[in-house]
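Take a look at the structure below.
Each residue takes its place number in the sequence, starting with 1.
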Amino acid sequence: KKRSIFSSSFLHTRPLDAAFGTHHPCTGTLDIAARATGAQESVRGVFGDTDMEFKDQSSGRRPCRYFFSQAGCRYGDACRFGHEGSDGSLGGRQFRDSKSGAHHFSSRELRGVPEERARPDGHDGHGGHDGPDGHAGHDISVMSYNVLADAYANKHRHELYTQIPADCLSWQNRVELLAQEIVHWDPTIVCLQEVDHFADLEDKLSPHGYIGRFLQRTNDRPDGLAMFWKAVVFGGAPAAVEDVKFAGLNLRDNVAQVYRLRMAGNDEPGVEERGPPLEVVVSNIHVLFNPKRGDIKLGQVRVLVDTIDRESGGGARPVIMCGDWNSAPCSGVYDFLSDGRLDFMERDRRTVSGQIAGNRSRTVNSRGTGSSTLYKAPKPWKIDEIATALGDPSLSFDVAAPTTAVLSHDLDLTSSYRHVLGSEPMYTTAHDKYIGTVDYVFFSSSRARTEDDKDSTENSKVDEQRRRHWHIEPRAVLLPPPTSVVLPQGLPRGWFGSDHVSLLVKFSCVFRQ
């Protein structure tokens, strides 16, 4: 037996900074140098202890901790410990909790010992229940996951994944891990980014009750977005579909999915009296990566928000927004989404996404050794960049740029992880060039109609119906593993099928009157 430093806790409300090192409050990146050597003891204090029993299912041998933690073993085939799972891959093991006897698949690993993060209350993630005061309610869970396109894993292998073995980058191995992880957590809705083998994922998820749709990026880009949902919960087709292609707006080749999902099984007797069917607007996006093109990033997010506002009926339906936003916490993009307003003229276009920290430059002395840091003045916005961010091509290119330029929306969005934890996760992606937080799941509850929202109708029954609405709220989130698991090699490797970690949010949905 091995002594694991992880428990099966899914819900966590304590800030993680004390346990896992320094978390930069604005960029969301980790100060890797500040990671203490005693991180495992800190992790032990947060997660508690549990006994884990594990074996190599193919040979009966215990797994080699060095092979899985260091991505290789110097003894090779001569090692007396196991290097393969039951299916010959790195991820073919099952782990058994020696106390409960329950079997779980784990996609998290620290030195050969799995991290289990169970659901908080044993619900299946999409069951029905009665909310407060007997109001009708449902639980749904939503996963957002950048799965790392096979094309990009190969293209950037010698740039971003220099310490990752070829087997860990192989799509044949990674798709097994990705599918097993999704099936293990059994989310009601799955939003995937960087998908370039949709058919493989569909083949593996459809036997588990998922229906999916794929939207490829424009101009023959190899990847795109995929959204899956449980057919038993939301039926076989969305109530409405809007595929956003930004290329038509001169906002590059990125795309976004905006689906209105209507809960199935609402024709049963008595259901209508307890509230109308739950309809939720779910979006999926992969924002442009280029850290210096804040104007394009803001333009894409603006178009997405406008589309969601229209599809949600001005906020009359709950909204869940998933994606890889390629923007750090406290960045201009993040602030626009969470605050509903951004005067981006106060920000440097090159740092709007927060992926580049500050307006700093590095200088080297005459001997070529040593350096100092100078702070540069923010680069002013050009008039065409302002027009791109605002979506206003009527701006004159013959006049000086305005002193203020404000983007705003009325969706009242909140980050699910910040809502539950009080802060964003310490990181959501880790490779040779970057470790930090760029993936989020935003949500907005539907708003009850006020007196000002009513039209001229005199039908009191209609007015009463407008004041009734669905309220959604995150109840639990899935934490990323501690940084000691992924450093220094980065991802993907071992139990991890992507260079991002999956985000999972469990929502409680209650109809209020």
Using 4.0 Å as the upper bound for N to carboxylate O, is an ion pair formed by Glu176 and Lys204? yes
Do Arg157 and Tyr152 pass the side-chain hydrogen bond (donor to acceptor under 3.5 Å, both in side chains) test, and can you show the C-alpha distance, the side-chain angles, and the key distance before you say yes or no? CA-CA 8 Å; Arg157 177 180 177 182; Tyr152 301 146; over 6 Å; no
If we count only N and O atoms by modelled type, under 3.5 Å, do the side chains of Trp171 and Asp200 hold a donor and an acceptor together? yes
Parallel, tilted or perpendicular, as decided by the 30° and 60° cut-offs, for the rings of Trp470 and His138: tilted
Side-chain contact, heavy-atom cut-off 4.5 Å: Leu337 with Val305? yes
Please answer whether the main-chain N or O of Ser327 pairs with a side-chain N or O of Tyr440 as donor and acceptor at a distance below 3.5 Å. yes
Taking the basic N atoms (NZ, or NE/NH1/NH2) and the acidic carboxylate oxygens, is any pair closer than 4.0 Å for Lys230 and Asp186? yes
Which residues pass the side chain to side chain donor-acceptor pair (under 3.5 Å) test with Asp324, sequence neighbours left out? Asn146, His286
At what distance, to the nearest 0.5 angstrom, does CD of Gln193 lie from CG of Asp439? 6.5 Å
Is a salt bridge present between Arg213 and Asp243, judged by a nitrogen-to-oxygen distance below 4.0 Å? no
Specify whether Trp381 and Phe344 have parallel, tilted or perpendicular ring planes, treating 30° as the upper limit for parallel and 60° as the lower limit for perpendicular. tilted
Apply side-chain contact (heavy atoms from CB on, under 4.5 Å) to the pair Val280 and Val319, showing each step before the final yes or no. CA-CA 6 Å; Val280 58; Val319 171; over 6 Å; no
side-chain hydrogen bond (donor to acceptor under 3.5 Å, both in side chains) between Asp432 and Thr162, worked out: CA-CA 7 Å; Asp432 287 358; Thr162 58; 2.4 Å; yes
Do the non-hydrogen side-chain atoms of Tyr427 and Pro480 ever get within less than 4.5 Å of each other? yes
In this structure, which one of Ile285, Val301, Leu304 forms a side chain to side chain contact (heavy atoms under 4.5 Å, CB included) with Met321? Leu304
Shortest non-hydrogen separation from Ser408 to Phe336 and the atoms involved: N-CE1, 3.6 Å
Test of understanding: with salt bridge (Lys or Arg N to Asp or Glu O under 4.0 Å), list the residues that count as partners of Asp335, not counting sequence neighbours. Arg347
Is there a side-chain contact (heavy atoms from CB on, under 4.5 Å) between Val195 and Val147 once you walk through the steps? CA-CA 7 Å; Val195 176; Val147 298; 4.1 Å; yes
Does atom CG of Asp392 have more than 12 heavy-atom neighbours from other groups under 6.0 Å away? yes
Between Arg174 and Ala153 the two heavy atoms that sit nearest each other are NH2-CB, 4.0 Å
Donor-acceptor pair, distance only, cut-off 3.5 Å: does the side chain of Ser144 make one with the backbone of Gly323? yes
Measure the spacing between CD1 of Ile296 and CG of Asn290 and express it to the nearest 0.5 Å. 9.0 Å
Any side-chain heavy-atom pair of Ile320 and Val281 under 4.5 Å: no
Using modelled atom types only, decide if a donor and an acceptor are shared between the side chain of Ser331 and the backbone of Tyr334 within a distance under 3.5 Å. yes
With the side chain counted from C-beta on, respond yes when Glu181 and Ser502 share a heavy-atom pair under 4.5 Å apart, and no when they do not. yes
With sequence neighbours excluded, what pairs up with Asp223 under the salt bridge (Lys or Arg N to Asp or Glu O under 4.0 Å) test? Arg217
Pairing donors with acceptors under 3.5 angstrom, does anything connect the side chains of Ser415 and Glu424? yes
For the pair Ser141 (side chain) and Val505 (backbone), establish whether a donor and an acceptor sit closer than 3.5 Å, ignoring hydrogens and angles. no
Within the 4.5 Å heavy-atom criterion, are Cys168 and Asn173 side-chain neighbours or not? no
Aromatic contact between Phe234 and Phe228, with the criterion being ring centroids under 6.0 Å apart: yes or no? no
Short side-chain donor-acceptor distance under 3.5 Å, Asp412 and Ser444: no
Separation of His500 NE2 from Thr429 OG1 (nearest 0.5 Å): 3.5 Å
Nearest heavy-atom approach of Ser283 to Cys191 is O-SG, 4.1 Å
Atom pair OG (Ser338) and CG (Leu411), whose distance is rounded to the nearest 0.5 Å: 12.5 Å
Between Tyr161 and Gln489, do the side chains contain an N or O donor and an N or O acceptor separated by less than 3.5 Å? no
In terms of side-chain geometry, is the basic nitrogen of Asp339 or Arg341 positioned less than 4.0 Å from the acidic oxygen of its partner? no
If you apply the rule side-chain contact (heavy atoms from CB on, under 4.5 Å), what do you find for Val142 with Leu504, and how did you get there? CA-CA 6 Å; Val142 179; Leu504 183 67; 6.0 Å; no
Non-hydrogen side-chain atoms of Met143 and Ile189 separated by less than 4.5 Å: no
Quick check for you: to the nearest 0.5 Å, what is the distance between Ile211 atom CD1 and Met227 atom CE? 13.5 Å
Using a 3.5 Å distance criterion without hydrogens, assess whether the side chain of Glu279 forms a donor-acceptor pair with backbone atoms of Arg260. no
Presence of salt bridge, Arg317 and Glu311, under 4.0 angstrom: no
Specify the closest pair of heavy atoms between Leu251 and Asn254, including all atoms of both residues, with the distance to one decimal. O-OD1, 4.4 Å
Is there side-chain contact between Gln257 and Val244, with at least one heavy-atom pair below 4.5 Å? no
If you round to the nearest 0.5 Å, how far is NE2 of His409 from CG of Leu342? 9.5 Å
Asp295 bridged to Arg293 by N-O distance under 4.0 Å: yes
Any donor-acceptor pair under 3.5 Å linking the side chain of Glu473 with the backbone of Phe507? no
Verdict with reasoning, Lys297 to Gln355, per side-chain hydrogen bond (donor to acceptor under 3.5 Å, both in side chains): CA-CA 12 Å; Lys297 292 175 183 280; Gln355 294 165 285; 3.1 Å; yes
Quick one: are Leu491 and Ser498 in side-chain contact, heavy atoms under 4.5 Å? no
Given the rule in the side-chain hydrogen bond (donor to acceptor under 3.5 Å, both in side chains) test, do His471 and Ser445 qualify, once you have shown the distances and angles that lead to the verdict? CA-CA 5 Å; His471 174 83; Ser445 287; 3.3 Å; yes
Ring centre gap for Trp325 and Phe289 strictly below 6.0 Å: no
Kindly give the heavy-atom pair with the smallest separation between Pro222 and Asp196, and that separation in Å. O-CB, 3.2 Å
Write down the atom of Tyr145, the atom of Val501, and the distance for their closest heavy-atom approach. CE2-C, 3.8 Å
Is there a side-chain contact (heavy atoms from CB on, under 4.5 Å) between Asn154 and Leu169 once you walk through the steps? CA-CA 8 Å; Asn154 293 321; Leu169 289 174; 5.5 Å; no
